[in-house]
Amino acid sequence: MQISEASRVSGVSARALRYYEAEGLIVSGRCANGFRDYCRPTIERVLVIRELLASGLPVRLIRELLPHLTDEPGGVCPEFLVEVQRHRDRLAARIAVLSDQQAALDAFLRKARSAGS
DNA sequence: CTTCTTACA
DNA sequence: TGTAAGCA
């Protein structure tokens with residue numbers, strides 16, 4: 001199928017499809033006229049990429065993760081799970097900082113409001 | 001008309 | 001990521 005159909009079926013813009021390919025996340029075939037040709041497995045791969053992207057994983061990590069996600073029979077090798085885990089931990093650390101800042105702002109607002117009124 | 005690439009915002 | 005230009 002060509003890019004327009006692949007876009008409809010996957011719900012991903014043609015722009016994004018070309019972008020994923022440029023980033024090495026997917027590979028598409030080429031017709032005689034130079035148009036990209038997408039197959040079912042590629043569409044499914046795109047959906048997986050969307051999930052990974054939505055979870056906040058960087059493209060670089062997804063690129064290294066994908067081949068191990070499709071080829072490995074019994075799951076993903078722990079090597080990559082460790083990287084994903086680290087990314088999750090950094091995320092948790094950022095959330096902790098933001099939570100503290102939120103609490104600090106709440107305290108500031110309470111104080112400022114009570115003092116003003 | 002559809003896609004392709006490249007480039008700009 | 002969207003959009004536009006200039007080709008094929």
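Below, chain A is the first sequence line, B the second, and so on; all start at residue 1.
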Student: Grab the two heavy atoms, one from A:Asp37 and one from A:Met1, that are nearest each other, plus how far apart they are.
Tutor: OD1-N, 3.2 Å
Student: By the salt bridge (charged side-chain N to carboxylate O under 4.0 Å, His left out) test, which pairs, at least two apart or in different chains, include something from residues 83-103 of chain A?
Tutor: A:Arg60-A:Glu83
Student: Mind checking what makes side chain to side chain contact (heavy atoms under 4.5 Å, CB included) contact with A:Glu79, not counting sequence neighbours?
Tutor: A:Cys77
Student: Applying the side-chain hydrogen bond (donor to acceptor under 3.5 Å, both in side chains) criterion to A:Tyr20, which one of A:Arg50, A:Arg15, A:Arg45 satisfies it?
Tutor: A:Arg50
Student: Check DNA chain C against residues 50-63 of chain A and give the residues with a non-hydrogen atom under 4.0 Å, in numerical order.
Tutor: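 Heavy-atom cutoff 4.0 Å gives A:Arg50.
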Student: Reading DNA chain B 5' to 3', what string of ( ), [ ], | and . shows its pairs, if Watson-Crick and G-U wobble pairs count only when both distances fall under 3.5 Å?
Tutor: .|.||||||
Student: For the residue pair A:Ile43 and A:Ala6, what are the closest heavy atoms and their distance?
Tutor: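 Looking at all heavy atoms of both residues, the closest pair is CD1-CB, 3.7 Å.
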Student: For nucleotides 2-9 of chain B, give me one character per nucleotide, 5' to 3': B if any protein heavy atom sits under 4.0 Å from the base, S if the only such contacts are to the sugar-phosphate, - if neither.
Tutor: BBSB-B--
Student: First locate atom OG of A:Ser13, then atom CZ of A:Arg8, and finally report the distance between them rounded to the nearest 0.5 Å.
Tutor: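 A:Ser13 atom OG to A:Arg8 atom CZ measures 14.5 Å (nearest 0.5 Å).
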Student: If you define the side chain from C-beta out and look only at heavy atoms, does anything of A:Leu53 sit under 4.5 Å from A:Leu57?
Tutor: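 Of all side-chain heavy-atom pairs linking A:Leu57 with A:Leu53, none is under 4.5 Å.
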Student: Quick one: side chain to side chain contact (heavy atoms under 4.5 Å, CB included) partners of A:Glu21, sequence neighbours excluded?
Tutor: A:Ile26, A:Ser28, A:Arg30, A:Arg36, A:Tyr38
Student: What do you reckon, is OH of A:Tyr19 surrounded by more than 12 foreign heavy atoms closer than 6.0 Å?
Tutor: no
Student: Does A:Ala14 reach a base, just sugar-phosphate, or nothing at all? Heavy atoms under 4.0 Å.
Tutor: nothing
Student: Is the closest side-chain heavy-atom distance between A:Ser7 and A:Val12 below 4.5 Å?
Tutor: no
